[in-house]
Amino acid sequence: EVQLVESGGGSVQAGGSLRLSCAVFGFPYSNNYMMGWFRQAPGKEREGIAVIDSDGSTSYADSVKGRFTISRDNAKDTLDLQMNTLKPEDTAMYYCATKAGLTDTAYRLAYKKYDYWGLGTQVTVSL
């Protein structure tokens, strides 16, 4: 059974930093897979913000590019998201997810393409 467990969320002031981590249990893929971070604010659709594939290639949403960094530790089976220069509009529930196969560039951040999800960790950024 595949399980993803997020941690590291919390409350921070604008301009601050947080590091999210996703522990992966029972990872089903040996190669050709993607993993990513997604977020959902109240009343808004879930959106992809950062993904990484089994080749190490990354993609970011424009809203977080230059501020967030996604990384994968294969030895520890974790997926991290370093978030710097946080803004109030970054407030949301953050989820990690994974899927089999490599996705075309246009759809790498599309949350509907992902199969396994964690329960999320809340990030709140205040002024």
Open item on the list: Holding to ring pair (Phe, Tyr, Trp, His ring centres under 6.0 Å), I want the full list of residues that pass it with Phe38, two or more places apart in sequence or in another chain.
Closed with: Tyr114, Trp117
TODO: Please identify each residue that fulfils ring pair (Phe, Tyr, Trp, His ring centres under 6.0 Å) with Tyr111, with sequence neighbours left out.
DONE: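 Not a single residue meets the ring pair (Phe, Tyr, Trp, His ring centres under 6.0 Å) criterion with Tyr111.
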Work out which heavy atom in [X] is nearest to a heavy atom in [Y]; give both atom names and the distance.
X	Y	answer
Ser54	Asn32	OG-N, 3.0 Å
Glu6	Gly118	OE2-CA, 3.2 Å
Leu127	Pro88	CD2-CG, 3.6 Å
Val123	Gly9	CG2-CA, 4.2 Å

Less than 4.5 Å apart, side chain to side chain, heavy atoms only: is that true for [X] and [Y]?
X	Y	value
Thr121	Leu20	yes
Asp55	Leu102	yes
Leu109	Val51	yes
Leu79	Ile52	yes
Thr58	Thr69	no

Distance in Å, [X] [atom1] paired with [Y] [atom2], rounded so as to fall on 0.5 Å steps:
X	Y	atom1	atom2	answer
Ile49	Gln40	CD1	CD	12.0 Å
Trp37	Glu47	CH2	CD	14.5 Å
Met34	Asp115	CE	CG	12.0 Å
Ser21	Gln82	OG	CD	11.0 Å

Open item on the list: Using the rule given for side-chain contact (heavy atoms from CB on, under 4.5 Å), can you reason through Thr91 versus Gln122, listing the C-alpha separation, both sets of side-chain angles and the distance that settles it, and then say yes or no?
Closed with: CA-CA 8 Å; Thr91 295; Gln122 176 68 36; 4.0 Å; yes
Open item on the list: With ring-ring contact (aromatic ring centres under 6.0 Å, His included) as the rule and sequence neighbours excluded, what pairs involving residues 49-95 come up?
Closed with: none
TODO: Enumerate the residue pairs fulfilling ring-ring contact (aromatic ring centres under 6.0 Å, His included) with a member in residues 12-34, sequence neighbours excluded, ordered by first and then second residue.
DONE: Phe27-Tyr29, Phe27-Tyr33
Which residue pairs satisfy the salt bridge (charged side-chain N to carboxylate O under 4.0 Å, His left out) criterion with at least one member in [range], sequence neighbours excluded?
range	value
residues 16-25	Arg19-Asp80
residues 68-79	Arg72-Asp77
residues 90-104	Arg39-Asp90, Arg67-Asp90

Task: With sequence neighbours excluded, residues passing side-chain hydrogen bond (donor to acceptor under 3.5 Å, both in side chains) with Asn31 - done: none
Task: Sequence-distant partners of Lys87, side-chain hydrogen bond (donor to acceptor under 3.5 Å, both in side chains), two or more places apart - done: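 With neighbours one apart ignored, the set is empty.
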TODO: Evaluate whether atom CD of Glu89 has more than 12 neighbouring non-hydrogen atoms of other residues, nucleotides or ligands under 6.0 angstrom away.
DONE: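 Yes, the 6.0 Å shell around CD holds more than 12 heavy atoms from other groups.
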Open item on the list: Between Ser17 and Asn84 (side chain of the first, backbone of the second, donor and acceptor by atom type, cut-off under 3.5 Å), is there such a pair?
Closed with: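 No: the side chain of Ser17 does not pair with the backbone of Asn84.
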Task: Residue list, side chain to side chain contact (heavy atoms under 4.5 Å, CB included) with Ser11, at least two apart or on another chain - done: Thr124
Task: Under the salt bridge (charged side-chain N to carboxylate O under 4.0 Å, His left out) test, residues paired with Arg108 that sit two or more places apart - done: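 For Arg108 the salt bridge (charged side-chain N to carboxylate O under 4.0 Å, His left out) partners, ignoring immediate neighbours, are Asp53.
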TODO: Kindly work out whether a path of hydrophobic side-chain contacts (I/L/V/M/F/W/Y, heavy atoms less than 4.5 Å apart) joins Val12 to Val64.
DONE: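 Same cluster: Val12 reaches Val64 through Ile, Leu, Val, Met, Phe, Trp or Tyr contacts under 4.5 Å.
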TODO: Kindly state each residue pair satisfying disulfide bond (SG atoms under 2.5 Å apart) with at least one member in residues 10-45, sequence neighbours excluded.
DONE: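 Qualifying pairs, neighbours excluded: Cys22-Cys96.
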